[in-house]
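Just so it is clear: chains get the letters A, B, ... in the order the sequence lines come, proteins before strands, and each one is counted from 1. Predicted, not measured: the structure shown is a model, and the values here were computed from it.
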2 protein chains.
Amino acid sequence: MQRGTFQLMKSVNKSIILNKIRLSEPISRAQIAKETSLTPPTVSSIVKELIAQGIVRESTLGSSSGGRRPTMLHIHKNGFYVIGVDAGPERVECILTDLMGTIYERAASKLDTPITNDQFLAVLIATIKRVFQAQDKIIGIGIAMHGVVDVDTGTSLVAPILNLKNIPIKSVIEEEFNITVKVENDARAFALGESWFGGHEAFESMVAVNIGRGVGAGVVINGKLYHGAQGIAGEFGHMTIDINGDICECGNQGCLQTFVSGAAIAKRAGKQFSADLTAKEVYESALNGNQAYADLLVETGKMIGIGLANLIHLFNPSKIVLGGGVMKSERFIMPALLETVKQKVLTNKAKETVVTVTRLGEDATILGAVALLLIEIFDPPIQID
Amino acid sequence: MQRGTFQLMKSVNKSIILNKIRLSEPISRAQIAKETSLTPPTVSSIVKELIAQGIVRESTLGSSSGGRRPTMLHIHKNGFYVIGVDAGPERVECILTDLMGTIYERAASKLDTPITNDQFLAVLIATIKRVFQAQDKIIGIGIAMHGVVDVDTGTSLVAPILNLKNIPIKSVIEEEFNITVKVENDARAFALGESWFGGHEAFESMVAVNIGRGVGAGVVINGKLYHGAQGIAGEFGHMTIDINGDICECGNQGCLQTFVSGAAIAKRAGKQFSADLTAKEVYESALNGNQAYADLLVETGKMIGIGLANLIHLFNPSKIVLGGGVMKSERFIMPALLETVKQKVLTNKAKETVVTVTRLGEDATILGAVALLLIEIFDPPIQID
DNA sequence: ATAGTAAATTAATTTAATTAAGAAAAGAAG
DNA sequence: CTTCTTTTCTTAATTAAATTAATTTACTAT
């Protein structure tokens, strides 16, 4: 059990200061003290340590209105690096970033099926190697893996499209690079990326929903991922919304996914218009003025809205961020979606829930992978109410 | 912002010790030290304070196996009292308990409709007065109010069956008794009561679902209620599970409530068998061997199961506790419910989610009202990961 | 130049935990 | 019955780290 110790007290203050610098750099010691209500000597002494550790650095002097000019502090850009990996079903992408999430290197590899566990891991290692520079300054590798992931062991339990099972990602990569490795499901990494780099500081709780091949969600409460008891919190795609609906790949009936995933859109287009199109083609046709396809996307927006209303009634997050391939049809989907949410949600207060589309684009997930390690550095060991 | 201070450090340890005593009394100082990994002097000095405050007391000496006999510690039963109130749509019930939730006094009043805000408050005050003994030792009044409650202001925004709005419960009762008053929605109080007094210590997250007139749920994470951003987290009854379903009283279509509430059961009985029965009568007929009614209840169990599967996929709590009038038909409902959950939930791990019916009976909600104040005393100011 | 002001550091103090040592109380062994 | 061991609990000394107060540094403004 975690007790009240001096170390606890200190690490709490350390996180407060570090996060203040991260979110408000450049900032002076005096201003940190003012804004956190820590005393100046406490700030000075902790900042001294952070500088010695190489996480923080001093830069220029700020301006003064009569008095000594403040020394501005920053996160040390070249102090430490993190590697982020987005391992999708078709390609593996790697980036090298600093502690602020600035990207310095990028590499990607295609995955060809059929593939074995070892081949997959070999591609992963090779791609990471291409961005693995300044080794001694890299503090870890964060991996966003599609499919079902066991976070504790860092194992990919099921990788559906690659048709792989039980890939011991964490242990193999840790062995290879001799460095900390964190593995997380890609939908949750997306949520974490949005929460850290999407510019949503003020939101205490956020749900990020990825609608693409499948539909997944990640729940972030106070900057941290919420996993639930068995690590399946946020299985948004398999929420039943139509007890008489079609059979889903999971075996249940009327899952949200059977209405709104990319495959579902394509299937419905096929059914209604006997056309053999992908979701992308449906969107493009709609863009080109095909009203029937546009209507189909609007209908999809309504269904997503129903799902989100359920989400709001259960989780009641302050913000919901949407991403994934399907959301590229934003212009057709969003108006209907927002209206449905507003109409379905019970209280006026809850109607205020902010629902937006990601502005981080493709990088939200891989930056979330990076954030898996940033949490270790920036997050306090405790949650203060 | 809450900093790392000496007070924080101390209050963390104080909570740890207090909760250890509460959950394991009688217990010695030495054993507390062992089990919490706090050092003996720390335990002694904090226990000394707790005794001086009158929250803890020493009792007999324990047994020894060669060595000084330990002095056993308890929560001081006659040290402090709490008043709990369950304000339902038909009656107001009050209890006087000690810090362990032991009930010493009880009083109840019937509510007649039509009723005004002032009349309602007058009944509330009169009933509380009947249990308001040993005034100087009462630390507060916790009120579980049906309907929509604004927790921050302690106002009942909507009390549906009484047909009242904006009742300023907290301010009026605080003024009358000059004591701390906490107001919470009754479904959430039920959840809190279960979590504190239902014998579920080991569960980090719990959802308690009340199925009666309406369907509500309370979410408890680490012993605390989760409210969400606008305080509507757990509006389980208005989760859409059938996009083509009947219109609910909330205006939406196919809410879970339209399938499983007491009223819904009665309505379906009426529709299928053109009988004018209450849900209770349906249950009694089923008990007397009416197979059609038994089937109707089994069907209800299945629908609840579908709702719970959705709940598990989003919140993934370690435990779900069911209560409320409808759950009195447990013997018909539960087997189908459990099977449906097991069948619908995706991963094997999550199938392990424990689903049970409350064993606290009628008192879960009112004890939850009591727990609203116990939290103030027992809960740590921080959440340790 | 000099006064005034703000930033940062240094020194002294305080809080509260930890470590080490000791006192109290019991059973066990001779 | 005395002595030893064990366990519980307290007391005293030490330590970590925050706070308070004082001081130094480095400006701006008159």
Discussion item. By nearest heavy atom, map A:Met9 and B:Pro70 onto DNA chain D; which one lands nearer the 5' end?
Written reply: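 Whichever sits nearer the 5' end wins; that is B:Pro70.
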Discussion item. Angle between ring planes, B:Phe177 versus B:Phe132, binned at 30° and 60°: parallel, tilted or perpendicular?
Written reply: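 Ring orientation, 0 to 90° scale: tilted.
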Of the listed nucleotides ([options]), which one gets closest to any side-chain atom of [X]?
X: A:Thr39; options: D:dT20, C:dA8, C:dT15; result: D:dT20
X: A:Ile46; options: C:dA17, D:dA18, C:dA7; result: D:dA18
X: B:Arg69; options: C:dA7, C:dT15, C:dA26; result: C:dA26
X: B:Ala30; options: D:dA18, D:dT8, C:dT9; result: D:dT8

Discussion item. Check this for me: does the side-chain of B:Arg68 come within 3.5 Å of the base of D:dT7 through a donor and an acceptor?
Written reply: no
At under 4.0 Å, does any side-chain N or O of [X] touch on OP1 or OP2 of [N]?
X: B:Asn13; N: C:dA17; result: yes
X: A:Ser44; N: C:dT9; result: yes
X: A:Thr42; N: D:dT19; result: yes
X: A:Arg3; N: C:dT18; result: yes
X: B:Arg29; N: D:dT10; result: yes
X: B:Thr5; N: D:dA18; result: no

Discussion item. My understanding is that only one of A:Ile366, A:Val181, A:Leu372 makes a side chain to side chain contact (heavy atoms under 4.5 Å, CB included) with A:Ile143; could you say which?
Written reply: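 By the side chain to side chain contact (heavy atoms under 4.5 Å, CB included) criterion, A:Ile143 pairs with just one of A:Ile366, A:Val181, A:Leu372: A:Val181.
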Atom pair distance, as rounded to whole Å: [atom1] in [X] and [atom2] in [N]:
X: A:Lys48; N: D:dA17; atom1: NZ; atom2: C1'; result: 14 Å
X: A:Leu8; N: D:dA18; atom1: CG; atom2: P; result: 11 Å
X: B:Leu38; N: C:dT19; atom1: CG; atom2: C1'; result: 15 Å
X: B:Ile17; N: C:dA16; atom1: CD1; atom2: C1'; result: 12 Å
X: B:Lys10; N: C:dA17; atom1: NZ; atom2: P; result: 6 Å
X: B:Glu58; N: D:dT8; atom1: CD; atom2: C1'; result: 12 Å
X: B:Phe6; N: D:dA16; atom1: CZ; atom2: P; result: 12 Å
X: A:Ile32; N: C:dT9; atom1: CD1; atom2: P; result: 11 Å

Worksheet item: Quick one: on DNA chain C, does A:Gly4 or A:Ser28 contact a more 5' nucleotide (nearest heavy atom)?
Response: A:Ser28
Practice prompt. Answer yes if the side chains of A:Asp98 and A:Thr102 hold a donor-acceptor pair under 3.5 Å, and no otherwise.
Written response: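 A:Thr102 and A:Asp98 do have a side-chain donor-acceptor pair below 3.5 Å.
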Response to the item:
Rounded to the nearest 0.5 Å, the CD1 atom of A:Ile32 sits from the CD1 atom of A:Ile21 at a distance of 4.0 Å
Fill in: Presence of salt bridge, A:Lys319 and A:Glu194, under 4.0 angstrom
no
Worksheet item: When you check the gap from the basic side-chain N to the acidic O, do A:Glu25 and A:Arg57 get nearer than 4.0 Å?
Response: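 Result for this pair is no, no salt bridge flagged.
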